Amino acid sequence: MDCIQIRGGTPLKGEVLIQGSKNAALPIMAACVLVPGITVLKNCPDISDVDCMCRILQCVGVKVKRQDDALLIDASKVDSWRLPEEYETRMRSSVILAGAMLGRCRKVCLHHPGGCVIGDRPIDMHIRALERLGVCFEQTQEGILGSAARLAGGRIDLPFPSVGATENVILAAVLAKGCTRITGCALEPEIAALCNFLNGAGARIKETGRGCLFIEGVERLRESCYRVESDRIVAGTYLMGALAAGGDVFLRNAQAGQLECVLQTARRMGAVIRTEKSGVRVVRGGRLTAPERIRTEVYPGFPTDLQSPMLVVLSQSQGECLLTETIFNGRLAVAEQLNRMGARIVVEGCNARTKGPRQLTGCCVHAGELRGGAALVLAGLCAQGNTEVYHRCFIDRGYEDIVRDLRSLGADIGVKT
Ligand code: EPZ
């Protein structure tokens, strides 16, 4: 059954192991298309977006096999440059296969990617940047056809630090003829992870300044083995769970350095945060105090992916907060469901004005996208009575098993059969 049931009121206690990062694994899986051999990706999260990416890779001739927590990706042979629309439209990150397919086949036919409905999600920056490397795009009956007689290095100035556009350019440039200079790159840790993976496979990518990359094209990449880092957004989600429901939680493998802004905000609100090499400990005893302002920003600012979980924390915190979402123009939709549970969130455009604390009451709610769905589960942890979160499939796109993880922290949570 596609429904998660939570009985609220129990603080979270204990330790949870943080899974591998979805947003690091997906671009690295795309990068494997550039390797004419086998890549072993360890700690690859077992989530539906990874399954979807596996399907897309298999449709172009790549062999993929899961072995415990690792994926074995064999791109010795790539026999098609047509990406399967059926899978592409299920997730946004299918678009970063464009750069990889162009790097391998000099050709790609793609469709406008799908993914979470969290606002406009154009790909103009991807297209403009790839054109700078010699790619010609045209809209055809089949889809968006990209081709390049030869990929030649060039100079690219990204107008906005788009994560996906940065990844696409890197993937197209590593095998291009000559050198590529990119400025205005995204600074998210997933970009560094992609560069580390590619350099480990023989690419030549250097950081030449804040948001600036210099890529020297090479002839070919080699087989390698890479361990995917832990998921900073999953860690942040469970941290928010402890801030909202109260308790004492250790997030094993969470990397404090990737969550600086979030940890600072939590400390400012009154939580006790202890960072260690092996993870992050969060303790919330008494009532937290809401900060006056929170703005989501590109990294290293407050991550847009933790905005919805933060709305739940604010509903349990003393005072008012003006939260501004600056990255996606449709990412405050979950407020309506949270208000049905008793939160007080007034949304005006990309601003959400919250007032707390509020006693939430369990009811039936519907996930509409990945992080909003996770936020509804966190709200269930704080609510009086039972909450049923429908459309769990959205949450499973990015969380291996949110029920397993929160149950390991003592939550009264299960799946409605
Ligand atoms: C990545 O999405 C992540 N997804 C998102 O995580 C994350 O929220 C986002 O980066 C920002 O950090 C993956 O890595 C798979 P962007 P992406 O390109 O690459 C605009 C999650 O919950 N834009 O940095 O799509 C765009 O509309 C997901 O795990 C253009 O205008 O994000 C948005 O307003 C959700 N034109 C802004 O830039 C373009 O060509 C940021 O988008 C590209 C983007």
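Every number for a ligand or one of its atoms is a count from 1 in the order of the listing. Heavy-atom basis, side chains included; hydrogens, waters and symmetry copies ignored. Since the model is a prediction, treat every value here as computed from it, not as a measurement. One is the number of the first residue; the rest follow in order along the sequence.
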Region of [X] engaging ligand 1 - heavy atom pairs below 4.0 Å:
{"X": "His126", "value": "both"}
{"X": "Tyr299", "value": "neither"}
{"X": "Leu370", "value": "side chain"}
{"X": "Thr304", "value": "side chain"}
{"X": "Arg331", "value": "side chain"}
{"X": "Glu190", "value": "neither"}
{"X": "Lys22", "value": "side chain"}
{"X": "Asn329", "value": "neither"}

inquiry  = For residues 186-208, which residue pairs pass the side-chain hydrogen bond (donor to acceptor under 3.5 Å, both in side chains) check, not counting sequence neighbours?
reply    = Glu190-Arg232, Arg204-Glu216
key: side-chain hydrogen bond (donor to acceptor under 3.5 Å, both in side chains) contacts in which one or both residues fall within residues 32-53, not counting sequence neighbours   = Asp49-Arg397
Contacting atoms of ligand 1, where contact means under 4.0 angstrom from a heavy atom of [X]:
{"X": "Arg371", "value": "21 (C), 22 (O), 29 (O)"}
{"X": "Gly164", "value": "18 (O), 19 (O)"}
{"X": "Phe160", "value": "37 (C), 38 (O), 41 (C)"}
{"X": "Glu188", "value": "12 (O)"}

Between [X] and [Y] (salt bridge meaning N to carboxylate O under 4.0 Å), is one present in this structure?
{"X": "Glu276", "Y": "Arg281", "result": "no"}
{"X": "Glu348", "Y": "Arg353", "result": "no"}
{"X": "Asp401", "Y": "Arg407", "result": "no"}
{"X": "Glu15", "Y": "Arg252", "result": "yes"}

Do any nitrogen or oxygen atoms of [X] lie less than 3.5 angstrom from nitrogen or oxygen atoms of ligand 1?
{"X": "Asn23", "answer": "yes"}
{"X": "Met125", "answer": "yes"}
{"X": "Ala165", "answer": "no"}

Out of curiosity, is [X] lining ligand 1, as in a heavy atom under 4.0 Å away?
{"X": "Ile123", "answer": "yes"}
{"X": "Pro122", "answer": "yes"}
{"X": "Met53", "answer": "no"}

query = Tyr399 pairs by side-chain hydrogen bond (donor to acceptor under 3.5 Å, both in side chains) with which of Arg371, Arg404, Arg392, Lys22?
reply = Arg371
Would you give the length of the straight line joining atom [atom1] of [X] to atom [atom2] of [Y], rounded to the nearest 0.5 angstrom?
{"X": "Leu102", "Y": "Phe137", "atom1": "CG", "atom2": "CZ", "result": "5.5 Å"}
{"X": "Leu41", "Y": "Cys32", "atom1": "CG", "atom2": "SG", "result": "4.5 Å"}
{"X": "Gln258", "Y": "Asp231", "atom1": "CD", "atom2": "CG", "result": "9.0 Å"}

request  = Apply side-chain contact (heavy atoms from CB on, under 4.5 Å) to the pair Tyr390 and Asp2, showing each step before the final yes or no.
outcome  = CA-CA 6 Å; Tyr390 287 84; Asp2 194 21; 6.0 Å; no
